[in-house]
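Order of the sequence lines sets the chain letters (A, B, ...), proteins ahead of strands, with each chain counted from 1.
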Protein chains: 2
Amino acid sequence: MASMNEQVVPEQRVIPRQQRSLATVDVILEAAAQVLEITGEAGFNTNAIAERAGVGIGSIYRYFPDKHAILVEMGRREMARVGAELTIDPGPKAGSLAPDRQAIRTFLRAFGERTRARRVVVLALLGQLSAGELQAAFAQAEAGMASRSGTPLDRIQLFVLSRALLGAMRAAVLEDADFLLSQQFEDELVLLSRTYASAASRRLYD
Amino acid sequence: MASMNEQVVPEQRVIPRQQRSLATVDVILEAAAQVLEITGEAGFNTNAIAERAGVGIGSIYRYFPDKHAILVEMGRREMARVGAELTIDPGPKAGSLAPDRQAIRTFLRAFGERTRARRVVVLALLGQLSAGELQAAFAQAEAGMASRSGTPLDRIQLFVLSRALLGAMRAAVLEDADFLLSQQFEDELVLLSRTYASAASRRLYD
DNA sequence: CAACGATATGAGCAAAGCTCCGCTTTTTTT
DNA sequence: AAAAAAAGCGGAGCTTTGCTCATATCGTTG
């Protein structure tokens with residue numbers, strides 16, 4: 001269903017070809033983020049977005065099939081930022097168990113930073129986007145865990161590990177946990193990942 | 001904010017006193033569930049609910065402050081069913097590590113059963129209800145983990161453990177994982193819980 | 001049975017998502 | 001460079017939907 005190489009437009013809408021239209025899309029998304037920050041989710045409506053962006057409502061619906069798609073694209077871009085930090089991430093050469101920990105820490109910090117910068121936006125995205133819509137964004141991180149050196153996990157184990165980590169991070173953001181950016185929280189997530197991966201790869205059930 | 005002893009009515013709405021009104025609330029909630037199952041989230045609107053329930057729209061708003069509150073109450077009742085199974089749960093007498101595992105298994109199975117019975121409803125609830133709205137429902141399970149015999153966890157560790165488990169279950173339901181009711185999935189969650197709790201209580205960071 | 005609170009109703013209001021079609025700008029064609 | 005075609009833009013207004021409110025009926029109590 002999802003295309004792989006266009007940058008911007010979801011679903012059966014027009015693909016922008018001129019620079020003008022790409023700029024319009026950017027303006028709309030930026031306005032949407034601002035509306036969200038200023039008026040909260042309650043005031044997040046298409047008219048307000050159009051007005052703030054200085055474009056007609058029609059222009060929004062030229063590029064987005066519906067209002068929700070705006071959120072989806074915002075999420076995609078937000079997560080791309082976080083994902084980018086993961087790839088830039090100074091992957092350790094020494095083939096120890098280190099990759100996990102480093103990736104988790106990087107991911108968590110990038111996540112935390114975005115939350116600080118755009119709290120309401122991240123909240124809305126985590127709250128409104130479906131699992132599938134967020135999944136693609138996290139696929140990168142998941143792949144990282146899979147390709148870890150010494151611990152081959154099957155698909156169920158990989159699922160459990162990635163969703164458990166995501167669930168803890170998600171909850172910390174949504175519930176506004178004061179320890180989101182703390183050292184201990186990072187440590188706990190790393191510990192969780194490490195202990196489970198180790199036991200799971202050896203299938204130490206009971 | 002939340003009251004503690006009324007059974008039915010959220011927020012600043014009228015508390016029903018006559019049997020008739022209690023029945024009305026039940027009828028509305030059942031109709032809401034049916035509308036959700038039949039027409040999906042798209043068709044989940046107040047008019048449809050009222051029509052299916054055979055009551056006026058006004059009657060809905062007599063007992064629910066807004067549409068979302070209907071979902072919240074549905075969630076509360078759904079979770080109460082799951083929670084009930086937890087308390088009935090044959091808690092093991094021998095003070096081993098068993099409580100966790102048993103609770104997790106019971107919880108997961110009850111969860112899975114409700115999902116089979118009312119798939120769309122559970123999906124909508126997990127998708128639409130906020131963390132805080134679901135939190136109360138899971139408080140019981142969390143308390144169970146806290147009062148486990150030999151492993152004292154601090155609040156961050158408890159948060160990580162409970163949200164990680166919930167995150168994995170939630171994702172399995174939302175993403176329609178085929179292994180939701182499988183033995184291995186249960187085993188993995190128990191393993192996750194056991195390995196992390198053990199290491200965390202001894203603070204084995206790195 | 002009178003009177004009053006509790007319960008029920010549904011027309012209709014207000015707000016918001018979204019369409020439609022005419023207008024303007026940019027690109028392509030000849 | 002003019003004309004034609006394509007792409008982009010706008011906003012009045014249609015439609016849906018959440019929700020209110022004035023009115024009517026039911027149930028209970030003295």
Once the angle between the rings of B:F179 and B:F185 is folded into 0 to 90°, is it parallel (under 30°), tilted (30 to 60°) or perpendicular (over 60°)? tilted
Please give me every residue in residues 31-53 of chain A whose heavy atoms get under 4.0 Å of an atom in DNA chain D, ordered by residue number. none
Please tell me which of B:H68 and A:G56 maps to the more 5' nucleotide of DNA chain D, matching each residue to the nucleotide holding its nearest heavy atom. A:G56
Quick check for you: among C:dA8, D:dG8, C:dT7, whose closest atom lies nearest to any side-chain atom of B:S59? C:dA8
Kindly determine whether A:R109 and A:E113 satisfy salt bridge (Lys or Arg N to Asp or Glu O under 4.0 Å), including the steps that lead there. CA-CA 6 Å; A:R109 277 174 192 167; A:E113 278 311 312; over 6 Å; no
Can B:Y196 and B:Q157 be said to form a side-chain hydrogen bond (donor to acceptor under 3.5 Å, both in side chains), step by step? CA-CA 9 Å; B:Y196 173 69; B:Q157 293 170 332; 5.0 Å; no
Starting at CZ of A:R62 and ending at P of D:dG11, how long is that distance when rounded to a whole Å? 16 Å
Distance, rounded to the nearest Å, where B:D66 contributes CG and D:dT20 contributes C1': 14 Å
Between C:dA16 atom P and B:K67 atom NZ, what is the distance in whole Å? 15 Å
Integer-rounded Å distance: D:dC9 C1' and A:Y63 OH: 8 Å
Please list all pairs passing the salt bridge (charged side-chain N to carboxylate O under 4.0 Å, His left out) test where one or both residues lie in residues 30-45 of chain B, with sequence neighbours left out. B:E30-B:R118, B:E37-B:R118
Evaluate B:R76 against B:L125 for side chain to side chain contact (heavy atoms under 4.5 Å, CB included), listing each step before the verdict. CA-CA 10 Å; B:R76 211 189 56 78; B:L125 294 176; over 6 Å; no
Whole angstrom value for the distance that separates P of D:dT17 from CD1 of B:I70: 14 Å
B:I57 CD1 to C:dG12 C1', in whole Å, measures 10 Å
The reported gap from CG in B:D154 to CD in A:Q184 (rounded to nearest 0.5 angstrom) is 4.5 Å
Hey, could you give me each pair passing salt bridge (charged side-chain N to carboxylate O under 4.0 Å, His left out) that has a residue in residues 119-131 of chain B? Not counting sequence neighbours. B:R119-B:D176
Determine: side-chain N/O of B:T24 to OP1/OP2 of C:dA8, distance under 4.0 Å, yes or no. yes
Using atom CG of B:L22 as one end and atom P of D:dC26 as the other, report the distance to the nearest whole Å. 19 Å
May I have the distance from A:F64 (atom CZ) to D:dC9 (atom P), rounded to whole angstrom? 12 Å
